[in-house]
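As a basis for the values below, the full set of heavy atoms in this structure was taken, side chains included, without hydrogen atoms, waters or symmetry mates.
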Amino acid sequence: MSAELEKKIVEVLSQEEGKALNLEGIASECRIDRSEMDELEWVIHRLEGEGRLVKKGSRRYRLAVDGDYLEGRFKQHRNGDGVVILDDENEADIFIPSGSQGGAFLHDIVRVRVRKSRPDEGGPFNHHEFRGTVVAVLKRAFAEVVGTFRSTPDRDICNPDDPRFPPVVWIESRRGKLDPAEGDKVVVQLVEYGDGSSPPTGKLVAVLGPPDGRGVDIASIVRQYSLPLNFPPEVQKEAGELPEFLRKSDYNGRTDCRDHLVITIDPDDARDFDDAISVRKLDNGDFRVWVHIADVSHFVRPGSALDAEARERGNSTYLVDRVIPMLPENLSNGLCSLQPNVDRLTKCLEADIDPSGVVRSWKLYPAVIHSRRRYTYQEAMEVIDGKGQSDTDKMVRLGWEIASKLRSRRMQNGSLDMDFPDRKIRLDSEGRIKAIEIMENDESHQLIEEFMLVANECVARELRKRKTPSLFRIHEDPAKERLRELEEQMRKSQIYVKNLHRPGNLNRLMTRIHKHPAASALSVSVLRSLKRARYSTKPIGHFGLAKKDYTHFTSPIRRYADLVVHRSIFDKVKLDTAAMVKIADHISATERNSADAEYDSRIVKLQRYLDDVRNDPVSGVFNAVVTEVRAKGLFVDLPELGVSGMVPIRSLGTDSYKFSRATSSISARRSGKSYSIGSNIRVRVLKIDKANRFFDFAAVDPGWRGTTRTNDTRSTSSGSGSSGKRNRTDSGSGKKSFSGKSRSGAGGRASQSPRPAARDRDADASEKSGRNKHPSGKSSQSARKSSVSRSASPAGQKNSPNTRKSGETRQSAAQSKPSTAEKSDRKTSTSTKKVTSRRKSTTARRKPSGNTGN
């Protein structure tokens, strides 16, 4: 009967386009009697859920037409709201308010019913032109959740670690040997996803151990983000069959550049060298630059198991204590790595550049090189400063001579200067933080960065000229509404710049932000106003870099996109548009996933560190900068750690404070002491909400001598009636945002430059983002070290590996570690601040970086 009734309903409503009937009208037209009304309502409800019917008003229905229902990927913000990113990249995102998500989880593919936003619908997302309701989940993104095990009188439950998931998952009765203790980290395989009104249900499949157990924190993240730790046997077999050294046949058809002066410049403990350069000055005054990129495509062939696995992974993922590489080690650190004093295969861009930084001409060809020397960033910086007179040293200085002109021209053209400090965490043998190095950009990094940007731009131009289907790295213009919001936010910090939709004005804003005491936090605000850089088959340009043509060509060891581009240019491997679109969507998603995982791996270590020192009257006290002022308290950044949080007004002392909206300040009524954006304040940890990654800090009382430690935990209620809404803004990949919002009105989110997810607003710094990370998992020492050290654990313990970022600058803005104006995928890191013993801290004056072209 249901199929027949469905057919009748469709026939009746299709008789006149746009015709809408209520239930009684449909029943009458279909000649349904009252005894069949329940079935009629059920069929109509199902057709509406499938997107075949549209509800008009409260009771009328009509057939759906194109535009009523759209499909895309659901992304939930941390405040409970979300957006659907549509498959058609020309369409704007659809805002999905909390309560209209139809049981969708993070990254699910959904069908959404769309309507135009009304002018009276304000709030933090009022810049969205369209709003929608999820009517069907087409494909689930996650089969498992990782969280904390709790046992209640009614049932066992799991509180997922990711606050973008429902707060409670019911666990089916346990069987077998799995016997978690209260508070253990567990993995639950989802069986029923719930409908938004009732919790999901799953079965326990793994017990990871107590949250403070050695390695449990990172193991939880690996499982949460479904990161593959091992290569499948068939991939290992193919990799094992590759030669250790080049064969005679590998040299065929290549330009021999082995007599060129070729060098690499990388972190001091890097093992995968995927780019090398050579520079000469021509008789006419022009510069000839060779950019050599590891020829991965020569060894990883389409259709092979190696290729399939690299495509599935999409990119390497750099967690705080390890790397999960895209390619097996014998390729990434061996055969494809451009090591010194051995022959290596490359894809080469040869470009002639005039003295003002204009690229006159270029050509691309496969080559073979023999690198003469490997420079670390520190060594290269010393050479740029005048040390060393060898042929390679002179070439480094020649390279900076033209790179500085390229950089200056790029900034003049409107490229955003997002060179804010980054932080590298070093761990001890127990997996605890022993040091945090603050890495700043300098000329040695800029030299390599500019050459990589030139290569990426020229290759993109070549693809456009040849009309070759391929992948491009795009960064769309920001929404004008978001820029207006940014203007208003900057005014509160006494930074006045109008018409930010003009790139020149946005650059002027960045210049002023660089000089502001709260530069780090303000830069996150800029990042959050920008869209996320991503991959596309359409070469629409890159806003952050102010480039009409841009792609990713220079890091095929760690990004599948670059491997595809190599094949498009050199191997004439053609994929149809539909296949390319699928690849672009997939690797954009894996990049976001990796950025989120990288961010979370850093935050869990920082949470543990702050918990360890919170009761210490010396190591537990930090310098902070006020980044926002509200009636309830101060939002602050801790520059030493790259963490943000809130200082509730009640924790400022016994004086009473008055909030001034006009001046964005808080003033003490008796003492007259006031705080405004940019003010310095000394703070200690007051509260750590590990589940939601919030920190509350307290202003330090001079007489403070430590307090009793209390740990905050997530609610363990069974979740009935729980909506799953969280008052948390999205923090949103190559370099992967602090929202400034709290769940209870008194809390700040842990952040370190925008969260990869927070890299949501990223403007791609991906060329930079990978240079200080490598498959070895080790962290790099930057070229210059300066000041401040704080002790996190006993000195002298062996440094643990650090990471290298996978795509996009973490310029986004969510993890407080944003990824934004596409800094070429190389991570800017230069001067370093080591956080070692506070008791023995010393301060050294940092030599100016000498950046040019700003």
S.K.: Tyr251 and Asp343: side-chain donor and acceptor closer than 3.5 Å?
M.R.: yes
S.K.: Charged N to carboxylate O under 4.0 angstrom, Glu449 versus Arg410?
M.R.: yes
S.K.: With a 6.0 Å cut-off on the ring centroids, do His566 and Phe553 count as close?
M.R.: yes
S.K.: Quick one: pull up CG in Asp272 and SG in Cys336 and give me the separation to the nearest 0.5 Å.
M.R.: 10.5 Å
S.K.: Tell me the closest heavy-atom pair linking Arg372 and Arg258, and the distance in Å.
M.R.: NH2-O, 3.6 Å
S.K.: Is a donor on one side and an acceptor on the other found under 3.5 Å between the side chain of His260 and the backbone of Ser278?
M.R.: no
S.K.: Does the side chain of His552 pick up a donor-acceptor pair with the side chain of Tyr535 at under 3.5 Å?
M.R.: yes
S.K.: Less than 3.5 Å apart, any donor N or O on the side chain of Arg558 or Ser316 sitting next to an acceptor on the other?
M.R.: no
S.K.: Counting only heavy atoms not in Glu241, do more than 12 fall under 6.0 Å of its CD?
M.R.: yes
S.K.: Between Trp290 and Glu350, do the side chains contain a donor N or O and an acceptor N or O under 3.5 Å apart?
M.R.: yes
S.K.: Ignoring hydrogens and geometry beyond distance, is a side-chain donor-acceptor pair present between Asp600 and Tyr225 at under 3.5 Å?
M.R.: yes
S.K.: Using only atom types and a distance under 3.5 Å, with no angle test, would you say the side chain of Thr346 pairs donor to acceptor with the backbone of Ile293?
M.R.: no
S.K.: Do the side-chain N and O atoms of Gln339 and Arg344 include a donor-acceptor pair separated by under 3.5 angstrom?
M.R.: yes
S.K.: Hey, are Ser555 and Asp562 close enough side-chain-wise for a donor-acceptor pair under 3.5 Å?
M.R.: no
S.K.: Not counting sequence neighbours, which residues clear side chain to side chain donor-acceptor pair (under 3.5 Å) with Arg461? List them please.
M.R.: Glu457
S.K.: Using modelled atom types only, decide if a donor and an acceptor are shared between the side chain of Ser408 and the backbone of Lys405 within a distance under 3.5 Å.
M.R.: no
S.K.: Can you check whether Glu309 reaches Gln236 side chain to side chain, under 4.5 Å on heavy atoms?
M.R.: no
S.K.: Nearest 0.5 Å please: distance from the OG atom of Ser536 over to the CD1 atom of Ile540.
M.R.: 6.0 Å
S.K.: Output yes when a side-chain donor or acceptor of Asp354 lies under 3.5 Å from a complementary backbone atom of Arg360, and no otherwise.
M.R.: no
S.K.: Any heavy-atom pair between the side chains of Leu545 and Tyr550 that's under 4.5 Å?
M.R.: yes
S.K.: Using modelled atom types only, decide if a donor and an acceptor are shared between the side chain of His475 and the backbone of Gly541 within a distance under 3.5 Å.
M.R.: no
S.K.: Are the side chain of Ser601 and the backbone N or O of Glu598 linked by a donor-acceptor pair below 3.5 Å?
M.R.: yes
S.K.: Return yes if some donor-acceptor pair links the side-chain N/O of Ser404 with the main-chain N/O of Trp400 below 3.5 Å, else return no.
M.R.: yes
S.K.: Of all residues at least two apart in sequence or in a different chain, which pass the salt bridge (Lys or Arg N to Asp or Glu O under 4.0 Å) check with Asp295?
M.R.: Arg254, Lys347
S.K.: What pair of heavy atoms forms the shortest contact from Leu471 to Val565, and how long is it?
M.R.: O-CG2, 3.6 Å
S.K.: What heavy-atom pair brings Ala351 and Val359 nearest, and what distance separates the two atoms?
M.R.: CB-CG1, 4.3 Å
S.K.: Are any non-hydrogen side-chain atoms of Phe451 and Ile402 less than 4.5 angstrom apart?
M.R.: yes
S.K.: When rounded to the nearest 0.5 angstrom, what distance separates SG in Cys257 from OH in Tyr365?
M.R.: 4.5 Å
S.K.: Considering all heavy atoms of both residues, which atom of Leu338 and which atom of Ser371 are nearest to each other, and what is their separation?
M.R.: O-CB, 4.4 Å
S.K.: Hey, what do you get for CG (Leu306) to CZ (Phe299), rounding to the nearest 0.5 Å?
M.R.: 11.5 Å
S.K.: Testing the 3.5 Å rule here: is there a donor-acceptor pair between the side chains of Trp362 and Glu462?
M.R.: yes
S.K.: Check whether any side-chain N or O of Arg111 sits under 3.5 Å from a backbone N or O of Leu70 as a donor-acceptor pair, and report yes or no.
M.R.: no
S.K.: Keeping the roles fixed (side chain from Ser332, backbone from Ile557), state whether a donor-acceptor pair exists under 3.5 Å.
M.R.: no
S.K.: Going by atom types only, do Tyr375 and Asp266 share a side-chain donor-acceptor pair under 3.5 Å?
M.R.: no
S.K.: For Ile263 and Met395, work out which heavy atoms get closest and say how close.
M.R.: CG1-CE, 3.6 Å
S.K.: Answer whether the closest heavy-atom distance between the side chains of Arg407 and Asp417 falls below 4.5 Å.
M.R.: yes
S.K.: Excluding sequence neighbours, so at least two apart, what forms salt bridge (Lys or Arg N to Asp or Glu O under 4.0 Å) with Arg140?
M.R.: Asp108
S.K.: Do Leu331 and Leu242 come close enough that some side-chain heavy atom pair is under 4.5 Å?
M.R.: yes
S.K.: Could you tell me if the side chain of Glu71 sits less than 4.5 Å from the side chain of Leu138, heavy atoms only?
M.R.: yes
S.K.: Any carboxylate oxygen within less than 4.0 angstrom of a Lys/Arg side-chain nitrogen, looking at Asp585 and Lys582?
M.R.: no
S.K.: Once rounded to the nearest 0.5 Å, what's the spacing between atom CZ of Arg534 and atom CZ of Arg592?
M.R.: 9.0 Å
S.K.: Restricting to non-hydrogen atoms, name the atom on Arg409 and the atom on Gly357 that form the minimum distance, rounded to 0.1 Å.
M.R.: CD-O, 3.5 Å
S.K.: Start with the C-alpha distance between Ile448 and Asp275, add both sets of side-chain angles, then the distance that settles side chain to side chain contact (heavy atoms under 4.5 Å, CB included), and finish with yes or no.
M.R.: CA-CA 9 Å; Ile448 292 297; Asp275 55 76; 4.1 Å; yes
S.K.: Would you call Arg473 and Asp549 a salt bridge, using N to O less than 4.0 angstrom?
M.R.: no
S.K.: Any heavy-atom pair between the side chains of Arg313 and Tyr560 that's under 4.5 Å?
M.R.: no
S.K.: Could you tell me if the side chain of Ile277 sits less than 4.5 Å from the side chain of Val262, heavy atoms only?
M.R.: no
S.K.: Looking at Asn593, is its backbone amide N or carbonyl O close enough to the side chain of Asp596 to form a donor-acceptor pair, meaning the two atoms are under 3.5 Å apart?
M.R.: no
S.K.: How far does SG of Cys458 sit from CG of Leu463, to the nearest 0.5 angstrom?
M.R.: 11.5 Å
